[in-house]
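Please read the structure below before turning to the comments.
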Amino acid sequence: MSTGSKMVFLEEGGGRSSLPAEPNVLLLVSGGIAAYKIPELVREFRREGAHVRCAMTESAKEFVSPLVLQTLSGEAVRISLLEPSEEGDIGHIDLADWADVVVVAPATANLMAKQALGIADDLVTTVLLATTAPIVLAPAMNVNMWENTSTIKNVKVLKERGVVFVGPEAGDLACGWQGMGRMSEASDIFRAAYGFHAPGSLKGERILVTAGGTREPIDPVRSLTNRSSGKMGYAVAKEAIRRGADVVLISAPTSLSAPEGVSLVAVETALEMRTAVKAEFEKSSALVMAAAVADFRPAVSETRKIKKEQVEGDTINLKLLRNPDILAEVSAIKNNRVVVGFAAESHNLVAAARKKIKSKGCDLLVANDISRSDAGFESDTNAVVFITPDGSIEELPLQTKQEVAGNILDRIKKLRLTR
Ligand code: CTP
């Protein structure tokens with residue numbers, strides 16, 4: 001694998017690797033009518049500078065001509081596992097190793113069943129078993145086959161292994177039926193395989209973002225708040241807009257102006273933020289809870305300014321009440337929505353964050369070490385660690401908040417695809 005860094009891809013297990021500037025894309029074609037869209041897919045990859053090799057099952061030959069794929073990819077098409085002349089050109093293990101990303105399109109029910117079981121009885125299934133590259137699957141089949149319990153079980157197994165699914169879509173099917181089963185358009189498959197961060201990659205998603213530090217009033221001129229600048233949440237909102245999502249930004253006071261295109265809901269207190277989040281959450285597909293929510297609020301908020309002479313002696317006692325935990329509350333009702341939380345920690349970052357993701361119940365926790373001067377709060381850069389519910393971690397290098405936002409949205413996209 002070469003080391004350029006034009007595109008970014010999510011690996012099996014959630015890790016990241018950069019797709020090189022001219023990635024090796026292995027396109028595996030199985031036998032379905034949707035195979036007629038594959039030449040367009042090859043052209044999309046080639047236009048972006050990828051090297052494409054195609055391998056197909058015997059039955060796929062009935063739906064798309066190997067010669068067309070060979071001409072468009074500029075490479076011999078492999079079909080047979082045991083054909084000495086084909087193996088001499090590039091062996092099946094070499095083919096599996098060569099790939100930076102493997103795309104299976106169309107993926108038939110039969111192929112997915114074999115893949116889920118680890119069967120390797122032809123070239124395509126053998127390569128699928130042998131490769132360690134990320135795998136993107138674009139299923140296409142009759143609606144009843146897609147909804148069959150066996151297929152549902154196989155899809156679940158494959159998703160759990162980190163295989164990324166694109167589609168299928170609902171519509172008229174070649175078999176005359178209507179429903180789920182149409183293979184996604186070549187452009188959607190291309191996007192899933194080649195650039196999670198491409199503009200438009202979050203089209204159709206409605207992303208709710210909270211930002212800023214809540215302000216808990218003591219009296220009309222004083223409040224309890226924290227050092228959050230709101231930059232991280234605003235960066236997520238901006239990047240989500242760039243990627244084509246509808247974005248609702250629920251913001252506690254900050255000095256930032258809302259990115260163009262977001263729908264802004266201005267709030268002050270934790271209780272107001274909770275009401276706003278609850279009103280928007282159901283209509284959203286993901287929540288990024290970047291706000292620094294005050295854990296406590298004054299039990300009484302005076303309507304008049306507290307004067308010094310009202311206070312006896314040199315001390316004043318402020319009674320505080322615990323605020324509700326918004327993140328934990330919505331995580332409990334999230335269903336297939338993706339919920340991302342943050343953890344600001346000053347010590348034992350990973351251990352504290354692992355504990356926190358358990359108590360919050362979210363899908364991803366973005367933890368940052370607030371003791372660093374180049375990360376967190378007012379800084380434009382951030383060094384974060386991603387923690388997932390199973391406790392696994394991914395440490396990201398020091399990045400701009402915009403880059404961190406992109407990484408968070410990549411994760412959201414992937415989680416949405418696997419649900
Ligand atoms: N959060 C929330 N509601 C609260 C407090 C926090 O939704 N009342 C969310 C924050 O938006 C953030 C995550 O929970 O996404 C973690 O916030 P953090 O302040 O690190 O954790 P706390 O739960 O407040 O725990 P502690 O302060 O004890 O570390």
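Checked for salt-bridge contact, Arg47 and Glu40 meet the test: a charged N lies under 4.0 Å from a carboxylate O. Using a 4.0 Å cut-off between charged nitrogen and carboxylate oxygen, Arg322 and Asp295 do not count as a salt-bridge pair. Look at Glu75 and Arg53 and you find a salt bridge, because one of the NZ, NE, NH1 or NH2 atoms lies within 4.0 Å of a carboxylate O, short of that distance. Note on Arg304 versus Asp219: no salt bridge recorded, every NZ/NE/NH1/NH2 to OD/OE distance being 4.0 Å or above. Arg416 and Asp363 are not joined by a salt bridge, as no carboxylate oxygen comes within less than 4.0 angstrom of a charged side-chain nitrogen. A salt bridge is absent between Lys413 and Glu205; no separation between the charged side-chain nitrogens and carboxylate oxygens falls under 4.0 Å. Classification of Arg242 and Glu239 as a salt-bridged pair holds, one side-chain N sitting under 4.0 Å from a carboxylate O.
Between Asn142 atom CG and Glu147 atom CD the span is 9.0 Å, to the nearest 0.5 Å. Considering CG of Leu173 and CZ of Arg182, their distance stands at 7.5 Å, rounded to 0.5 Å. Atom OG in Ser359 sits 7.0 Å away from atom CG in Asp325 (nearest 0.5 Å). We find the OG-CG distance between Ser331 and Leu287 to be 7.5 Å, quoted to the nearest 0.5 Å. Remark: Thr131 OG1 to His92 NE2 distance equals 12.0 Å, nearest 0.5 Å. Atom CD of Glu44 and atom CG of Asp188 lie 9.0 Å apart (nearest 0.5 Å).
Contact of the Arg161 side chain with the Leu158 side chain is registered, since non-hydrogen atoms from C-beta on lie closer than 4.5 Å. Met183 places none of its side-chain heavy atoms less than 4.5 Å from the side chain of Met141. Looking only at side-chain heavy atoms (C-beta outward), Ile387 and Leu364 stay at 4.5 Å or farther from each other. Between Val127 and Leu26, the closest side-chain pair of non-hydrogen atoms falls below 4.5 Å. Inter-residue side-chain proximity for Val163 and Gln115 is flagged as met; some heavy-atom pair is nearer than 4.5 Å. Arg215 is not listed as a side-chain neighbour of Leu224, based on a closest heavy-atom distance of 4.5 Å or more. Within the 4.5 Å cutoff, the side chain of Lys231 has no heavy atoms near those of the Val236 side chain. Looking only at side-chain heavy atoms (C-beta outward), His51 and Pro23 stay at 4.5 Å or farther from each other.
Looking only at atom types and distance, the side chain of Thr214 has a donor-acceptor partner in the side chain of Glu216 under 3.5 Å away. The closest side-chain donor-acceptor pair between Ser251 and Tyr234 falls under 3.5 angstrom. Thr125 and Asp122 are linked by a side-chain donor-acceptor pair at a separation below 3.5 angstrom, with hydrogens and angles left out of the test. In the model, Asn110 has no side-chain atom that pairs as donor or acceptor with a side-chain atom of Thr108 under 3.5 Å.
Minimum interatomic distance between Gly118 and Leu129 (heavy atoms only, all atoms of both residues): O-CD2, 3.5 Å. Considering every non-hydrogen atom in both Met289 and Leu327, the closest pair reads CB-CD1, 3.9 Å. Between Ala235 and Gln402 the shortest heavy-atom distance is O-NE2, 3.2 Å. Among all heavy-atom pairs drawn from Ser184 and Ile189, the shortest one is O-CD1, 3.5 Å. Scanning all heavy atoms of the two residues, the minimum distance from Pro389 to Ile357 falls at N-CD1, 3.6 Å. Among all heavy-atom pairs drawn from Ala105 and Leu41, the shortest one is CB-CD2, 4.2 Å.
In terms of the salt bridge (Lys or Arg N to Asp or Glu O under 4.0 Å) criterion, residue partners of Arg206 (sequence neighbours excluded) are, by chain and number, Glu280. Applying the salt bridge (Lys or Arg N to Asp or Glu O under 4.0 Å) criterion to Lys278, with sequence neighbours excluded, gives Glu329. In this view, Asp94 satisfies the salt bridge (Lys or Arg N to Asp or Glu O under 4.0 Å) rule with no residue, not counting sequence neighbours.
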- Task: Please lay out, stage by stage, how Asn368 and Glu345 fare under the test side-chain contact (heavy atoms from CB on, under 4.5 Å).
- Result: CA-CA 6 Å; Asn368 62 309; Glu345 307 292 345; over 6 Å; no
- For Asp246 and Ile207, run side-chain contact (heavy atoms from CB on, under 4.5 Å): C-alpha distance rounded to whole Å, both residues' side-chain angles, the deciding distance at 0.1 Å, then the answer. CA-CA 6 Å; Asp246 287 331; Ile207 301 194; over 6 Å; no
- Val340/Ile408 under side-chain contact (heavy atoms from CB on, under 4.5 Å): CA gap, chis, key distance, verdict: CA-CA 8 Å; Val340 179; Ile408 293 168; 4.2 Å; yes
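Among Asn407, Asn382, Thr381, the single residue meeting the side-chain hydrogen bond (donor to acceptor under 3.5 Å, both in side chains) criterion with Gln399 is Asn407.
Cation-pi geometry between Arg411 and Phe386 is not met at under 6.0 angstrom from the ring centre and within 45 degrees of the axis.
Around CD of Glu282, the count of heavy atoms belonging to other residues, nucleotides or ligands within 6.0 Å does not exceed 12.
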